[in-house]
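Okay, structure first, notes after.
We count ligands from 1, going down the list as the structure has it; atoms in each ligand are counted the same way.
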Amino acid sequence: MQLEHMRHESLPADITKVLFSEQQIKEAVQRIGSQITRDYSGQKLLLITVLKGAFIFMADLVRAIEGHVEIDFMAVSSYGAEAKSSGIVRIIKDLNTSVEGRHVLIVEDILDSGLTLKYLIKNLKSRGPLSIEVATLLFKEGKQQTNVQCRYIGLTCPDEFVVGYGLDYAEAYRNLPYIGVLAPSACV
Ligand code: IMP
Ligand code: MG
């Protein structure tokens, strides 16, 4: 009781609650890492991280995978409102690596409408990979507007705006070690 009280006292003012603790995130990442290790056993895997939100997830996930793993980064941005995906995606930073003939795993922070991933998968598929799958840390319930298939899902979260562990609001809060709910009053 007292611990809970203390923890809440130390939350930043704009965070209404901790949705997933460091420990819960760690367990989810370990679980996904083990699945990936098993599924890609004996194969070379290329992890593609979608910047910036997935950078912490990627850093932890890559250490939870055993075997031959290479990494590369992409940065994309959606036009339109900050907290909502428009489906029109712009590549800000492309890969340095060719994905042709590779087993590709896209590492995402959160699947909300799915529009960003839908675009990314289509784009990467046109480059001729051997296979392409998705690992997302968070899956927002009931929000998907597309039929994007995520082979690996860390945690399912309610339809609230979440921040921390790499996820931002207006570039802030990425450094929180847990995932928390942002107060609606903080989203302007
Ligand atoms: P989607 O295209 O609607 O699936 O949204 C994709 C991107 O929007 C994610 O990769 C995040 O960068 C961002 N996003 C969606 N929901 C949240 C959230 O609750 N917190 C922080 N970023 C989010
Ligand atoms: Mg993202």
Side-chain angles (χ1 to χ4, degrees), residues 11-22 24-25 28-29 32 36 46-62 71-95 104-126 132-188:
L11 287 182
D14 293 341
I15 305 297
T16 54
K17 69 173 175 199
V18 174
L19 197 56
F20 299 114
S21 67
E22 283 186 75
Q24 284 173 301
I25 297 169
V29 173
I32 296 180
I36 294 171
L46 175 63
L47 294 181
I48 294 179
T49 306
V50 187
L51 294 171
K52 300 173 194 171
F55 84 109
I56 295 180
F57 175 41
M58 163 64 113
D60 286 341
L61 182 65
V62 76
I71 62 168
D72 204 346
F73 300 92
M74 254 179 120
V76 297
S77 106
S78 303
Y79 288 118
E82 277 280 314
K84 224 175 90 209
S85 187
S86 62
I88 305 163
V89 181
R90 193 161 50 104
I91 295 179
I92 296 173
K93 184 220 168 291
D94 208 338
L95 302 169
V104 170
L105 181 60
I106 301 175
V107 180
E108 249 292 33
D109 51 356
I110 185 165
L111 184 74
D112 187 7
S113 71
L115 293 170
T116 306
L117 265 177
K118 188 184 171 191
Y119 170 84
L120 264 183
I121 291 169
K122 189 174 165 221
N123 182 290
L124 292 174
K125 264 190 181 160
S126 73
I132 184 157
E133 298 288 350
V134 177
T136 185
L137 177 65
L138 298 172
F139 182 87
K140 232 183 233 186
E141 251 168 353
K143 286 294 294 294
Q144 286 69 48
Q145 298 174 26
T146 64
N147 56 353
V148 166
Q149 297 297 314
C150 276
R151 186 154 177 191
Y152 308 99
I153 294 174
L155 299 155
T156 300
C157 78
D159 182 18
E160 289 180 283
F161 200 81
V162 296
V163 293
Y165 193 74
L167 288 106
D168 74 310
Y169 175 68
E171 295 300 325
Y173 309 104
R174 294 192 199 275
N175 56 327
L176 298 177
Y178 51 82
I179 292 168
V181 175
L182 188 65
S185 59
C187 310
V188 282

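- Heavy atoms of G114 come nearer than 4.0 angstrom to ligand 1 in at least one pair.
- Across all non-hydrogen atoms, the minimal contact from P177 to Y165 is O-CD1, 4.0 Å.
- Set against the non-hydrogen atoms of E108, the atoms of ligand 1 under 4.0 Å away are 10 (O).
- Looking at heavy atoms from C-beta onward, L167 lies in side-chain contact with L138 at the 4.5 angstrom threshold.
- Distances from atom 14 (N) of ligand 1 to the heavy atoms of L111, D112, V181, I110 show the closest one on I110.
- Heavy atoms of V163 come nearer than 4.0 angstrom to ligand 1 in no pair at all.
- Under 3.5 Å, the side chains of Y169 and D14 contain no donor-acceptor pair of N or O atoms.
- At a 3.5 angstrom cut-off on N or O pairs, F161 does not count as close to ligand 1.
- Annotation: side chain of L137 is in contact with side chain of I179 (closest heavy-atom distance under 4.5 Å).
- Crowding of D159 atom CG: a count of heavy atoms from other residues, nucleotides or ligands under 6.0 Å exceeding 12.
- Heavy-atom contacts of S113 reach the following atoms of ligand 1: 1 (P), 2 (O), 3 (O), 4 (O) (cutoff under 4.0 Å).
- With a 4.0 Å heavy-atom cut-off, ligand 1 is reached by the backbone of D168 but not by any atom from C-beta on.
- Between K140 and ligand 1 there is a heavy-atom distance shorter than 4.0 Å.
- A distance-only check finds a donor-acceptor pair linking the side chain of K140 to the backbone of E160 [under 3.5 Å].
- Geometrically, ligand 1 and L167 share no nitrogen or oxygen pair separated by less than 3.5 Å.
- Annotation for K93: atom NZ counts as buried by contact number, over 12 foreign heavy atoms lying within 6.0 Å.
- Note that CZ of F73 and CG of D94 are 14.0 Å apart. Values are rounded to the nearest 0.5 Å.
- If you look at T116 next to ligand 1, the close heavy atoms, those under 4.0 Å, come from the backbone and the side chain alike.
- Of the heavy atoms in E160, only backbone atoms (N, CA, C, O) come closer than 4.0 Å to ligand 1.
- Residue V162 holds the heavy atom nearest to atom 20 (N) of ligand 1 of all those in D159, L115, V162, I179.
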